[in-house]
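Shown next, in structure tokens, is the structure this report addresses.
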Amino acid sequence: MKIIIDNDKCNNAIECKKCLDYCPVGVFMIYPKGGDKPFDSTPPNMYQVRPFFLRSCVLCMECVNKCPKKAISITHV
Amino acid sequence: MCEFCAKHAEGRKWFLDPNSYIEELMNDKKRRKILEEYAGVGMEYLLRDSTKALQHLDTPVLGKLMDFVISRIHEGSHVGQILSLKDAMKIVDLSEEHVLLPCYCRKMIKGSEELYCINFGPIKEFELKANPFKEIIEVDAYEIKEMLKDFHKKGFVHQVIAAKVPLPVSICNCDRTYCLSMKSRFEQNFKGGLMKGHEIAVVNTKKCNGCDNDPKCISRCQFGAMRMNRDMNYAVIDPNLCFGCGLCTSACEKKAIKLVKRFNNKY
């Protein structure tokens, strides 16, 4: 099983965060993309969502259905 | 005995030893560097990088090597240990300068800033140093104790965090869904991030009556250590899975569950 996020479609992660809100098991993590500057505040367009904790996914499909930009897809392999 | 207690507190609990809170520890160069890295938004970068690194522990051969290397780098620098409510209260009494900060795990996994993180000691100084205009919420010991009781009632697990053992810097109130150190232990198989507590919960089978098959204790366990024996009609706790948070003890109306000292060395 794989969760794929299209980063071109998901371009305003820090403002939206719908997938994080609706995920009941905390699969996704939002984090600053690149750079290593702990004391500067990160600009909002530098955030990214990744499905880090795939092992806990319960396949409820909330994230796929609730994503306003249709950027998330789940493949069953 | 827990390895930290043997090393730093002569067999007492390391976070309850008054010597763990002295200023010499706070002024230690290595610790100051670690705390500087954490302060401000530094924690976000740290959690990002550590989670990324832990992803590779699943690979067959490389994983074992990674585990060794990460454990070496980690070495108790940002370690959490499960606490009972009683011990958490004692830590509040021992520590000074309590401040409330938003929980970083919930910020990154849930996407919301919620004030769950109780910090003390040098944290205030470093947060202000990293961001002088930041509004920091100061709370006194009484308020914190009330908060802890409230969190315990809701079913959150308390965890003491050390900025390089034995200097405790914060008490976390965690939920399995959002806590990154729990996720690193259970989902990414990294043992160093979270340690079991000093106690184990034990059921008194004479007092436990199974609550008419509607037990409140089992749903409160976040570690999956409890189950019902339906033939005998009482609850059982797996001592290998129990982390000693004490959530089940406070849920029991019959007072049939007790926390006892952990004797095996599997932390």
Side-chain angles (χ1 to χ4, degrees), chain A residues 1-5 7 10-69 71-72 74 77, chain B residues 32-58 78 102-114 126-134 174-190 193 222 224:
Chain A
M1 194 204 75
K2 240 181 189 176
I3 301 179
I4 299 156
I5 300 181
N7 278 323
C10 174
N11 49 13
N12 197 3
I14 194 78
E15 297 269 295
C16 170
K17 293 191 290 197
K18 282 264 160 45
C19 44
L20 280 85
D21 279 352
Y22 286 107
C23 185
V25 285
V27 168
F28 301 98
M29 185 160 124
I30 189 163
Y31 65 89
K33 242 184 248 177
D36 189 29
K37 29 178 185 177
F39 302 112
D40 300 352
S41 52
T42 320
N45 61 341
M46 281 291 283
Y47 278 88
Q48 194 176 26
V49 175
R50 288 270 94 189
F52 263 120
F53 304 100
L54 269 182
R55 209 174 276 184
S56 54
C57 181
V58 289
L59 288 172
C60 63
M61 296 290 181
E62 281 286 289
C63 53
V64 179
N65 297 334
K66 295 278 168 45
C67 181
K69 289 180 179 163
I72 306 175
I74 296 183
V77 179
Chain B
R32 288 190 81 84
K33 212 184 154 199
I34 290 171
L35 284 164
E36 246 168 46
E37 270 175 28
Y38 292 169
V41 288
M43 203 68 189
E44 251 176 340
Y45 291 88
L46 186 104
L47 292 174
R48 174 199 68 185
D49 292 342
S50 58
T51 316
K52 268 187 183 171
L54 291 176
Q55 288 266 296
H56 303 292
L57 291 188
D58 275 345
H78 180 257
C103 165
Y104 267 102
C105 301
R106 286 184 179 84
K107 194 178 169 188
M108 298 182 82
I109 302 282
K110 199 182 181 185
S112 60
E113 293 200 12
E114 291 165 42
F126 281 94
E127 282 290 329
L128 280 175
K129 212 170 147 192
N131 190 356
F133 306 108
K134 193 174 184 175
C174 309
D175 187 65
R176 171 80 176 259
T177 314
Y178 304 113
C179 177
L180 275 169
S181 47
M182 278 196 216
K183 273 177 159 349
S184 75
R185 177 143 182 165
F186 298 120
E187 273 148 52
Q188 298 179 310
N189 292 329
F190 179 61
Q222 300 203 19

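As the structure is a prediction and not an experimental result, all values here were calculated from the model. Atom set for the values below is all heavy atoms of this structure, side chains included, hydrogens, waters and symmetry mates excluded. Reminder, nothing fancy here: chain letters follow the sequence lines and each chain counts from 1.
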How far does [atom1] of [X] sit from [atom2] of [Y], to the nearest 0.5 angstrom?
X	Y	atom1	atom2	answer
A:F53	B:S184	CZ	OG	8.0 Å
B:E187	A:R55	CD	CZ	7.5 Å
A:L20	B:S112	CG	OG	9.0 Å

So, for A:C23 and B:Y178, which heavy atoms are closest and what is the spacing to 0.1 Å?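 Taking every non-hydrogen atom into account, O-OH, 4.4 Å.
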Over all atoms of both residues, closest heavy-atom pair of A:S56 and B:K183: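 So the minimum-distance heavy-atom pair works out to OG-NZ, 4.2 Å.
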[X], part contacting chain A, at a heavy-atom distance under 4.5 Å:
X	result
B:Q55	side chain
B:K107	backbone
B:D58	side chain
B:L180	side chain

Using modelled atom types and a 3.5 Å cut-off, is there a donor and acceptor pairing between side-chain atoms of B:R48 and backbone atoms of A:K33?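 Such a contact is found between B:R48 side chain and A:K33 backbone.
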Using a cut-off of under 4.5 Å on heavy-atom pairs, state which of B:L47, B:I109, B:L54, B:D175 scores highest against chain A.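 Of the options given, most contacts go to B:I109.
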Decide if atom [atom1] of [X] counts as having more than 12 heavy atoms of other residues, nucleotides or ligands within a radius under 6.0 Å.
X	atom1	value
A:K2	NZ	no
B:K33	NZ	no
B:F186	CZ	yes

Taking the side chain as C-beta and beyond, is there a heavy-atom pair between B:K110 and A:I30 under 4.5 Å?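 Not in contact.
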Would a 4.5 Å heavy-atom cut-off, applied to side chains only, mark A:Y31 and B:E44 as touching?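 Sidechains of B:E44 and A:Y31: no contact.
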Could you look at A:F52 and say if it's the side chain, the backbone, both or neither that has a heavy atom under 4.5 Å from chain B?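 Both parts, backbone and side chain.
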